[in-house]
There are 4 protein chains.
Amino acid sequence: MVSSSLRPLRADAARNRELLLAAAEEEFAERGLSASIADIARRAGIAKGTVFRHFASKEELIASIVCGHLATLADVARRLTDAGDPGAALLEFLTVAADQRRQHDLTFLQSVSEGDSRVTEVRDELYAGIGALVDRAHAAGTIRSDVTATDVFLLMCAPVHVVENLANPAPELWKRYLAIIFDGLRPEGATPLPQPAPARP
Amino acid sequence: MVSSSLRPLRADAARNRELLLAAAEEEFAERGLSASIADIARRAGIAKGTVFRHFASKEELIASIVCGHLATLADVARRLTDAGDPGAALLEFLTVAADQRRQHDLTFLQSVSEGDSRVTEVRDELYAGIGALVDRAHAAGTIRSDVTATDVFLLMCAPVHVVENLANPAPELWKRYLAIIFDGLRPEGATPLPQPAPARP
Amino acid sequence: MVSSSLRPLRADAARNRELLLAAAEEEFAERGLSASIADIARRAGIAKGTVFRHFASKEELIASIVCGHLATLADVARRLTDAGDPGAALLEFLTVAADQRRQHDLTFLQSVSEGDSRVTEVRDELYAGIGALVDRAHAAGTIRSDVTATDVFLLMCAPVHVVENLANPAPELWKRYLAIIFDGLRPEGATPLPQPAPARP
Amino acid sequence: MVSSSLRPLRADAARNRELLLAAAEEEFAERGLSASIADIARRAGIAKGTVFRHFASKEELIASIVCGHLATLADVARRLTDAGDPGAALLEFLTVAADQRRQHDLTFLQSVSEGDSRVTEVRDELYAGIGALVDRAHAAGTIRSDVTATDVFLLMCAPVHVVENLANPAPELWKRYLAIIFDGLRPEGATPLPQPAPARP
DNA sequence: CATGAATGAGAATTCATTCAT
DNA sequence: CATGAATGAATTCTCATTCAT
């Protein structure tokens, strides 16, 4: 039973679903895309067959994980729209986003769930939230005017990715690269950009 | 270079080796790490078994690809050390590096060949080359003084990674993000970095 | 016995396990160690993948077969310890042992499962049983005093092995060679042995 | 070039043939039947392709090894026919036979080359030799009258086989079991045999 | 004629997914 | 409805054998 519609899941089923998602995140983080359903089920303390009762396929499981992460980020963005300092709000958003990724790097899951409609939907929400943050930052003059919401959306994961090339990165090293990239977004000393901003994803 | 081994291979074998490496790059780029040896062989127009005559295992094949790319980059870095403008040289290096990645994103291959000794060796050469470029840029005051060769090494792939989150990125879009990141490396308007630079990889 | 593990298997699974073991014995007997899992599965009327659900590897399958045979023999030895005539009991044991082997010569499997702990355990039991039989035969003066339990353990398979060098041996021919060897174990006309008895295996 | 007919092989080819046979024996002894042609060739210091110039197939190589061993034994038997003490001669023959096996256990090779005509031929010679030895022993009353040449032929390898069930057998332990078996062949205290002697193999 | 590169038919093993219990 | 047994396609890798160099 996947959809949020209809019956709201029995209590234990809902709990299993959460156990499963958590186990899957850990397993994917440790083993990469090739983490097996069997291992995930074992980690969740659930039978293999039951996994398919919750998620019709491995792809759908992955999509659900990605959805969750994106939804959390969309929430964060929404909440920060009311914050006092628009520049600080945008930086905070990027910080939360990178921190989320850092906990389990699951960026590679995104490519798998590219086509999924629920993912697209949540991503649109997130995109809207980022749009609002960027608009306010523009108005406040905190970031260069030629930078768009899409740019921010794309740069969001960069700090964590950068750090991943290291075997044992310091746990907060990504903040160093977020700082560098955020400096690149500032209006001071900005060089004209050689390529136009891309359209929304 | 890679062929540090024994005899120089028979002409046809050498050709097959190149066909194989090329096919493998394409296949990995399209299918990710899980590209199969069978598909690679088919793409190269070569029998499955022959792949294993050239590369004892899938891992070794991957290591060879990674080695080739790193060696090319090390060459580029070496050549640019003599260039007139240190700042332009560093930017040029990052441009070439990103361009190489763009053709086939194979960053994920790196993690597999982490332990390989040949890879380590070539990476050290590349690292040395980047070090020289960064030193000269520091001397010329083109980049902020708190940025190290390791930082540049890590940031090298970021522009391409950023773009990969898009389904159909404009072919040169990565230049936009390289520009933003490079602006972040400039001394003008630089914010103090929250984390110390990491040690060499 | 072998099924010392957890729950007692579902009825159908248990049946498949037996089918599998039987098919494997036949296939190994016909094709030797290089019998393929695929052929074994086909013979058992079971899918290839299912073999690995029952036995994690070919080695484990072999160990299970060996274990079964050794356990049966250990049982036989135990039962015969109470028999009236110690000499007849020992001969009976060797007869049963050889007969078991004859059905499927699987001696070569033993070398593969040398390290397996379950095998070691059952073999120790068997060894103890043989020890008891030999002790009683010694006491009764039926076998020469310089022959040990290890000797009997080692000679156990000889009659069948001898016969195997023939293309189409008469089904009970092995009894001829068991008789000859058993005569060699008798005290009458025994020549001093040129080498000391080996330590327990 | 396989046959002993026609040209007698160029000197170096003959040498390669011997190197190859020796390497193959060692490799088979160490790795069993699954020793690979590649490893054998490497051990002999010869190219893989050349192996097939000497022996048309792996089976033929094996048959050649087996042939060599059988021929040596046939020679030994022939030579011992003239010896003074018929009983001692037979024992000596069995000793040499077992010793030969012990050096490299290659009994398993025999089953592979079962059908080979050259093997059959040499085996017949060996059989004849054993027949002569047995006849003389019968005449001298050294062995029981109900034992035939075929029995001896079959029992020949038993002592080594027996010892093989041990992980690290003492190098001459087989002599212990040869003594036991030979005692079983003696007329003193012989029990009637339960099965008739088999026909020639 | 020796060499070793190429071949392709398997081998063991893994895994998402289905379905009887 | 949960369970875990069964499935079979796919994967990496091996090897006897052939054949161009």
Side-chain angles (χ1 to χ4, degrees), chain A residues 1 10 12-13 16 34-42 45-61, chain B residues 6-7 9-17 20 34-42 44-61, chain C residues 6-7 9-17 20 34-42 44-61, chain D residues 1 10 12-13 16 34-42 45-61:
Chain A
M1 185 59 44
R10 267 171 34 195
D12 55 342
N16 273 352
S34 55
S36 82
I37 295 282
D39 286 346
I40 291 171
R42 192 172 312 123
I46 280 176
K48 212 179 356 172
T50 310
V51 177
F52 290 90
R53 186 157 293 281
H54 287 277
F55 306 98
S57 68
K58 194 179 179 182
E59 284 203 3
E60 195 178 304
L61 167 59
Chain B
L6 310 153
R7 11 1 350 207
L9 280 185
R10 244 166 58 185
D12 54 346
R15 191 173 140 275
N16 275 347
R17 198 191 137 95
L20 216 42
S34 56
S36 85
I37 295 282
D39 287 345
I40 291 171
R42 192 172 315 120
I46 277 176
K48 213 180 354 172
T50 307
V51 178
F52 292 93
R53 151 159 291 278
H54 287 275
F55 307 98
S57 66
K58 194 179 178 181
E59 284 204 3
E60 195 178 305
L61 167 58
Chain C
L6 311 151
R7 87 218 77 182
L9 278 184
R10 245 165 57 185
D12 54 346
R15 193 176 138 273
N16 275 346
R17 199 192 136 94
L20 216 41
S34 56
S36 84
I37 295 282
D39 287 345
I40 290 171
R42 192 171 314 121
I46 278 177
K48 211 177 359 169
T50 308
V51 179
F52 291 92
R53 150 160 290 279
H54 287 274
F55 307 98
S57 66
K58 194 179 177 181
E59 283 203 5
E60 195 179 306
L61 167 58
Chain D
M1 188 56 48
R10 265 172 35 195
D12 55 342
N16 274 352
S34 56
S36 81
I37 294 282
D39 286 346
I40 291 171
R42 193 172 312 122
I46 279 176
K48 210 178 356 171
T50 309
V51 177
F52 290 90
R53 187 157 293 281
H54 287 276
F55 306 99
S57 67
K58 195 180 179 181
E59 285 203 3
E60 196 179 304
L61 167 58

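Heavy atoms only: backbone and side chains are in, while hydrogens, waters and symmetry mates are out. Just so it is clear: chains get the letters A, B, ... in the order the sequence lines come, proteins before strands, and each one is counted from 1.
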Nearest whole Å is fine: how far is E:dG10 C1' from C:Arg42 CZ? 11 Å

All heavy atoms of C:His54 vs all of C:Ala13, minimum pair found to be CE1-O, 3.2 Å

Do B:Asp39 and B:Arg42 meet the salt-bridge criterion of a basic N to acidic O distance under 4.0 Å? yes

Would you say that D:Ile40 contacts D:Val51 through its side chain, given a criterion of any heavy-atom pair below 4.5 Å between the two side chains? no

Check nucleotides 14-16 of chain E against the protein and report each pair of N or O atoms closer than 3.5 Å, with its distance, or say if there are none.
from, atom 1, to, atom 2, distance (Å)
E:dA16, OP1, A:Lys58, NZ, 2.9
E:dA16, OP2, A:Ile37, N, 2.8

For DNA chain F, what are the stems built from at least three Watson-Crick or G-U pairs in a row, each pair having both distances below 3.5 Å? E:2-21 with F:2-21

Rounded off to whole Å, could you give me the CZ-to-P distance for the C:Arg15 and F:dA6 pair? 10 Å

Flag, side chain of A:Thr50 to backbone of A:Arg53, donor-acceptor distance under 3.5 Å: no

Of all the nucleotides listed (F:dA5, E:dG4, F:dC1), which has the minimum atom distance to the side chain of C:Arg53? F:dA5

Whole-Å distance, D:Phe55 CZ to F:dT17 P, equals 13 Å

Specify the separation, in whole Å, of atom CD of B:Glu60 and atom C1' of F:dT12. 14 Å

Could you state the atom-to-atom distance from CD of D:Glu59 to P of F:dC15 in whole Å? 17 Å

Heavy atoms of C:Phe55 and C:Arg17 approach each other most closely as CE2-NH1, 3.5 Å

Ignoring hydrogens and angles, tell me if any N or O in the side chain of C:Lys58 forms a donor-acceptor pair with the backbone of C:Ala35 under 3.5 Å. yes

With a cut-off of less than 4.0 Å, is there a side-chain N or O of C:His54 near OP1 or OP2 of F:dA6? yes

Atom CG of B:Leu20 to atom P of F:dT12: distance rounded to whole Å? 13 Å

Interatomic distance, D:Leu61 CG vs F:dT17 P [rounded to whole Å]: 10 Å

Closest-nucleotide 5' rank along DNA chain F - winner of B:Asp12 and C:Val51: C:Val51

